[in-house]
Amino acid sequence: MTVAVPPAGRKPRLPRTPSAARLAPARRPDAAALTAALLGWYDRHRRVLPWRAPAGVRADPYAVWLSEIMLQQTTVKAVVPYFRTFTAAFPTVRDLAAAELDSVLRLWAGLGYYARARNLHACARAVAERHGGVFPGTVDALRALPGIGDYTANAIAAIAFDVPVVPIDGNVERVLTRLHALEEELPGGKPRLRALADALEPAGRAGDFAQALMDLGATICTPKSPACVLCPWSEPCAARRRGDPEGFPRKAPKKEGTLRRGAAFVAVRGDGAVLVRSRPEKGLLGGMTEVPTTAWSADFSPQNALDHAPGLDAVAPGWRRLPGVVTHVFTHFPLELFVFVAAVPAGVDAPAGTRWVAQGDIAGEAFPNVMRKVLAHAGIDPKPAPPDPSPRISKPKRSPR
Ligand code: SF4
């Protein structure tokens, strides 16, 4: 390789490697202009959401935190009724801290990813005990609370306290990788993405800027068919200029989890009660209610399933396997459950570690979605109690997505 000798006092210019060329956009958009365009668009088109404060009003950290936890892996449409129910039941973080975990899990039932509900409760208690019921206003102090990761700490700090940080969720990731036509695959390219986000200037409106980015990703820069003609960043957007915005972000191929199988046992007593138990507090679906099941494993076979469910053969003389399977996909593995049912004579005691729940009380139990599918497969209506139709919202709030 030959390197041109530079004039005295200047460093030699090395030929660009392909990766260096990829990392350096040909023309970096001006940060101040980008910020101004996005905030102007946000002032005209911001979404109205139950947790979002009106323009010019500082957001309530409790509402921001609650909505951010609920919105993880969950759509705005699904979250709205839960947010209203929670803020009606627990108007402040102190109210939530004073509640029993079981009542929190019951209100959370149906929203999925139940570790969030346990962390929500633990976080409320930590805020009450460590901070006197007032959310701290720095990223580091927020990050030290249970269930609050980098993204959520940045989001609360920006939206509720105007700390100049840019929270990067899936929507923001999509917008920024398109704006810069970032060729690095995610998640490996996240440090580069963070550097690009940090280069933007929230211009004293960090909360609005964060929410504007989220709104842009949710309403204009959508995964499929982004509405580039309506976008405030249409002109500087590198992916739009290349003509392939849907190709971003580049993603490393996903590793599929191994399919697991197991059996679930639905025992119904003569008076209609159903046999259930609580899952261990720690781990997948911790603390949630379930019908008894075997362990879930890759090599499970439904033959002799009762051998893997101690005590159940004593509950009923005959178990019948239903046709078909219940399928469910967790974030790290898919699951198939074979469902067995049995009619149990009235007066039979629940085996150790289980309990009978009257059918009328099933809707109030904290069943995760996979168990609701099992109950539905067995012909039992597992619907959660409907949210309060006329909830009280403690304060106007801001939102993220
Ligand atoms: S111009 Fe299109 S691809 Fe680029 S940020 Fe806007 S909506 Fe997304």
Side-chain angles (χ1 to χ4, degrees), residues 21-49 52 55 68 71-77 150-151 154-155 158-159 164-254 398-401:
R22 280 202 309 271
L23 289 177
R27 186 159 57 93
R28 178 78 55 79
D30 173 67
L34 287 172
T35 304
L38 185 62
L39 286 172
W41 172 84
Y42 180 70
D43 289 340
R44 295 188 301 279
H45 301 291
R46 66 202 301 277
R47 288 180 295 170
V48 175
L49 295 166
R52 180 169 284 184
E68 283 296 340
L71 285 162
Q72 290 167 9
Q73 315 283 335
T74 312
T75 62
V76 166
K77 188 176 174 199
D150 288 337
Y151 165 76
N154 286 344
I159 297 170
V165 289
V166 178
I168 302 179
D169 68 353
N171 283 329
V172 177
E173 205 171 83
R174 188 168 58 253
V175 172
L176 294 183
T177 54
R178 288 174 176 179
L179 175 68
H180 296 283
L182 187 66
E183 290 288 355
E184 286 177 78
E185 288 181 340
L186 300 181
K190 284 194 174 185
R192 176 73 172 135
L193 190 62
R194 167 48 62 196
L196 291 168
D198 289 346
L200 295 168
E201 294 166 8
R205 295 177 62 188
D208 285 345
F209 187 76
Q211 292 173 109
L213 266 178
M214 293 164 179
D215 279 13
L216 188 68
T219 63
I220 301 286
C221 195
T222 47
K224 295 213 168 103
S225 306
C228 298
V229 291
L230 302 176
C231 178
W233 285 352
S234 182
E235 201 284 322
C237 177
R240 199 266 314 152
R241 277 191 270 123
R242 288 170 42 134
D244 64 343
E246 291 184 16
F248 296 90
R250 308 283 197 228
K251 293 221 164 151
K254 261 192 186 168
R398 289 188 179 183
S399 142
R401 289 165 198 81

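The basis for the numbers below is simple: all heavy atoms, side chains too, and nothing from hydrogens, waters or symmetry mates. Start at 1 and go down the list; that is how both ligands and their atoms are numbered. None of the values given here were measured: they were computed from a predicted structure.
Residues that satisfy the side-chain contact (heavy atoms from CB on, under 4.5 Å) test with A33, not counting sequence neighbours, are D30. With sequence neighbours left out, the side-chain hydrogen bond (donor to acceptor under 3.5 Å, both in side chains) criterion links R194 to D198. Under the rule for a ring-ring contact (aromatic ring centres under 6.0 Å, His included), the partners of W41 that lie at least two apart in sequence or sit in another chain are H45.
Shown here are the protein N/O/S atoms lying under 2.8 Å from atom 2 (Fe) of ligand 1, water excluded: C228 SG.
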Starting from the C-alpha separation in whole Å, work towards a yes-or-no answer on side-chain contact (heavy atoms from CB on, under 4.5 Å) for N171 and L213.
CA-CA 8 Å; N171 283 329; L213 266 178; over 6 Å; no
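Rounding to the nearest 0.5 angstrom, the gap separating the CD1 atom in I159 from the CE atom in M214 is 4.5 Å.
Remark: side-chain polar atoms of R178 are not paired, donor with acceptor, to backbone N or O of A239 under 3.5 angstrom.
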